[in-house]
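Both counts, for ligands and for their atoms, begin at 1 and track the order of listing.
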Amino acid sequence: MPKVTFLPANETFEFESGKLPYKEHGKPESLLDVAMNFGFHLEHACGGSCACTTCHVVVKAGQANLSEMEDDELDRVEQAADFQLHSRLGCQAVVKGDVTVNIPEWNRNYVSEGH
Ligand code: FES
């Protein structure tokens with residue numbers, strides 16, 4: 001049962017691999033898919049198609065429990081305003097085990113402004 005924790009809200013969601021209903025945004029069982037299944041807001045302006053950076057998160061723990069970054073994700077996430085060593089796109093990173101991610105302040109502002 002992988003557990004995903006989103007910071008700074010510090011909300012944790014647990015699901016059974018292969019059993020998460022797909023919410024049609026991002027890759028199935030991606031961080032975005034998990035967030036949507038549990039009603040947690042993670043911005044996703046492009047609908048989870050690796051065409052924006054609004055779902056940018058920074059992995060704090062459990063990096064090895066996410067799918068490996070593919071070239072299209074790397075090309076895109078490098079354009080995030082605050083790209084960091086452990087940056088990922090929430091819609092592309094598929095959860096395979098326990099992971100903790102931080103939603104950067106820039107994204108949080110974006111959310112609170114209601115765009
Ligand atoms: Fe646009 Fe993830 S939602 S790249």
Side-chain angles (χ1 to χ4, degrees):
M1 296 271 282
K3 277 202 276 288
V4 178
T5 301
F6 291 98
L7 301 175
N10 200 21
E11 291 211 39
T12 301
F13 308 109
E14 191 172 19
F15 67 97
E16 198 173 337
S17 286
K19 296 273 170 69
L20 197 70
Y22 182 47
K23 293 293 185 189
E24 297 178 6
H25 291 277
K27 293 187 173 174
E29 302 197 349
S30 62
L31 291 164
L32 177 62
D33 192 29
V34 172
M36 293 189 79
N37 264 281
F38 289 95
F40 182 82
H41 186 81
L42 178 62
E43 194 57 55
H44 52 283
C46 76
S49 56
C50 201
C52 70
T53 56
T54 58
C55 64
H56 176 212
V57 299
V58 178
V59 181
K60 294 295 180 192
Q63 175 117 327
N65 291 330
L66 291 173
S67 59
E68 291 207 6
M69 183 139 37
E70 293 177 14
D71 289 347
D72 54 348
E73 182 186 349
L74 182 60
D75 287 349
R76 180 63 57 190
V77 77
E78 279 177 344
Q79 297 171 18
D82 47 359
F83 174 70
Q84 303 170 32
L85 182 61
H86 298 295
S87 288
R88 293 297 304 258
L89 290 179
C91 68
Q92 302 297 306
V94 176
V95 179
K96 302 183 178 301
D98 293 0
V99 62
T100 299
V101 299
N102 185 50
I103 300 176
E105 196 173 351
W106 185 86
N107 300 43
R108 297 204 297 272
N109 288 343
Y110 195 84
V111 171
S112 65
E113 285 167 14
H115 290 287

Name the atoms and distances for all side-chain donor-acceptor pairs under 3.5 Å in residues 13-24, with sequence neighbours left out.
{"from": "Glu16", "atom 1": "OE2", "to": "Lys19", "atom 2": "NZ", "distance (Å)": "3.3"}
{"from": "Tyr22", "atom 1": "OH", "to": "Gly26", "atom 2": "O", "distance (Å)": "2.4"}

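- Within the structure, the ring pair (Phe, Tyr, Trp, His ring centres under 6.0 Å) test picks out no pair touching residues 60-96 (sequence neighbours left out).
- Residues Met1 and Asp98 approach most closely at O-OD1, 3.8 Å, considering heavy atoms.
- At least one donor-acceptor pair closer than 3.5 Å links the side chain of Ser67 to the backbone N or O of Val94.
- Here ring pair (Phe, Tyr, Trp, His ring centres under 6.0 Å) pairs that include residues 44-73, with residues two or more places apart or in two chains, are His25-His44.
- Listing protein N, O or S atoms at distances below 2.8 Å from atom 2 (Fe) of ligand 1, with waters left out, gives Cys55 SG, Cys91 SG.
- Between Lys27 and Glu73 there is no salt bridge, since no side-chain N of the basic residue sits under 4.0 Å from a carboxylate O of the acidic one.
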